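Note sheet for the following structure.
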Amino acid sequence: MAADKGNFDLTGKVALVTGGNGGIGLGMAEGLARAGASVAIWGSNPDKNRAAEERLKAFGGRVLAQTCNVADEQEVDARMAELIATLGRLDGCFANAGRSLARTAFHELSTEDWRAVMSVNLDGAFFTLRAASRHMVERAKAGEPGGRIVVTSSTSTVHGPAGAVAYGASKGALNVMVRALAVEYARYGITVNGIVPGWIETEMTADKFADARFAGNVLPRIPMRRWGETEDFAGIAVYLLSEASRYHTGDSIVIDGAYTLF
């Protein structure tokens, strides 16, 4: 008799991870693929997309890598249509794509830079989740409720991110979106949750972590005494796509080695 994989078996599930060609997004995508899901990744760098695609294919499932600028509304809708036509459905949408800027005093922050952050972090999530929810709601109305929406936020919404107000504001707005959508889509069996990372080793944080002064100030404040790794997000991604989380919604799940508690 075959072993029962239980609620964490993602065989037959299809997930999209935006920003899935690196960093936290790739960590989540690898966890999903390892658990049996078909995975689509969106990224704006074709070379990184191809490398991530090959890495994910090693787990044996279907993988679709699409070049997509999530700040472009028409492009998001077109890529979503292609995804559903190719993979047949979408069970989970992980809106993870994001960007930040070099630290800038608020009174010196340009309108252009403010909008550049908002266009990806907030507008991009809006376009992506709107396209995904249309498909999930339509399917629910046809008799197949369910679906998972997950947003990557930041611990900058917990502490004051001096010099990174645009980034913190964009992520704070996503936390509100999570709660509002959790209420709105509960009737369709769709869960909506946020993942709130702390200090994680990625390309985006490489320069900062290499700064001895920064590392000396921050690392001792992390009770687990290490930076987070992208692999630390594989398990939460699997849980949130799986049937194990079917009654868990409207939450912001902090993964930071207890940094915000210290």
Side-chain angles (χ1 to χ4, degrees), residues 8-10 13-45 47-66 68 70 90-100 120-121 124-125 128 132 148-156 167 171 174 178 193-210 219 222 224-242 244-245 248 251-260:
F8 295 99
D9 181 11
L10 301 183
K13 301 282 190 182
V14 176
L16 163 66
V17 183
T18 69
N21 61 10
I24 291 172
L26 184 55
M28 292 193 292
E30 287 186 336
L32 298 171
R34 189 182 297 115
S38 296
V39 180
I41 56 172
W42 286 2
S44 57
N45 185 318
D47 292 334
K48 287 184 63 177
N49 286 356
R50 282 190 290 271
E53 182 179 22
E54 291 305 310
R55 188 163 164 174
L56 294 172
K57 282 181 176 178
F59 297 106
R62 294 186 298 169
V63 180
L64 176 65
Q66 298 170 284
C68 183
V70 296
L90 180 64
D91 299 288
C93 181
F94 292 74
N96 169 77
R99 67 165 298 178
S100 63
V120 175
N121 296 4
T128 302
R148 304 287 187 265
I149 290 174
V150 182
V151 175
T152 300
S153 181
S154 167
T155 53
S156 66
Y167 182 79
K171 295 299 186 177
L174 292 181
V178 163
N193 291 288
I195 295 174
V196 185
W199 291 108
I200 315 300
E201 286 190 291
T202 66
E203 289 182 15
M204 188 181 294
T205 58
D207 289 345
K208 186 176 292 292
F209 288 2
L219 195 56
I222 301 175
M224 293 197 76
R225 295 299 187 268
R226 70 170 176 87
W227 305 119
E229 300 172 357
T230 58
E231 292 84 356
D232 294 326
F233 294 85
I236 192 64
V238 171
Y239 167 70
L240 289 176
L241 183 60
S242 75
S245 65
H248 189 169
D251 197 5
S252 293
I253 302 167
V254 180
I255 301 179
D256 69 346
Y259 172 72
T260 52

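Please read these numbers as outputs of a predicted model, since none were measured by experiment.
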To the nearest 0.5 angstrom, please state how far the [atom1] atom of [X] sits from the [atom2] atom of [Y].
X	Y	atom1	atom2	result
Arg34	Leu56	CZ	CG	10.0 Å
Leu241	Cys93	CG	SG	11.0 Å
Glu231	Glu30	CD	CD	7.0 Å
Asn121	Lys171	CG	NZ	4.5 Å
Ser154	Tyr167	OG	OH	4.0 Å
Ile255	Thr152	CD1	OG1	9.5 Å

Determine the minimum heavy-atom distance between [X] and [Y], stating which atoms define it.
X	Y	answer
Gly20	Ile41	O-CG2, 3.7 Å
Ala97	Val70	CB-CG2, 4.1 Å
Lys48	Glu203	NZ-OE1, 3.5 Å
Gly198	Thr155	CA-OG1, 3.6 Å
Gly31	Ala234	CA-CB, 3.6 Å
Leu32	Ala15	CD1-CB, 3.8 Å

Report the C-alpha distance between Trp199 and Asp256 in whole Å, list the side-chain angles of each, state the deciding distance to 0.1 Å, and finish with yes or no for side-chain contact (heavy atoms from CB on, under 4.5 Å). CA-CA 7 Å; Trp199 291 108; Asp256 69 346; over 6 Å; no
Is a side-chain donor or acceptor of [X] paired with a backbone partner of [Y] at a separation under 3.5 angstrom?
X	Y	result
Thr205	Thr202	yes
Asn193	His248	yes
Arg148	Ser242	yes
Asn96	Thr18	yes
Ser245	Tyr239	yes

Between [X] and [Y], is any pair of side-chain heavy atoms under 4.5 Å apart?
X	Y	answer
Leu240	Ile195	yes
Ile200	Asp232	no
Val63	Arg55	no
Thr128	Leu16	yes
Leu219	Phe209	no

For Asp207, I'd like to know if atom CG has over 12 heavy atoms of other residues, nucleotides or ligands within 6.0 Å. no
Go through Val254 and Tyr259 one step at a time and tell me if the side-chain contact (heavy atoms from CB on, under 4.5 Å) criterion holds. CA-CA 10 Å; Val254 180; Tyr259 172 72; over 6 Å; no
So Thr230 and Leu26, side-chain contact (heavy atoms from CB on, under 4.5 Å) or not? Walk me through it. CA-CA 7 Å; Thr230 58; Leu26 184 55; over 6 Å; no
For the residue pair Asn49 / Asn21, report whether a side-chain donor-acceptor contact shorter than 3.5 Å exists. yes
Salt bridge check: are Glu54 and Arg50 linked by an N-O gap of less than 4.0 Å?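 A salt bridge is absent here (no side-chain N lies under 4.0 Å from a carboxylate O).
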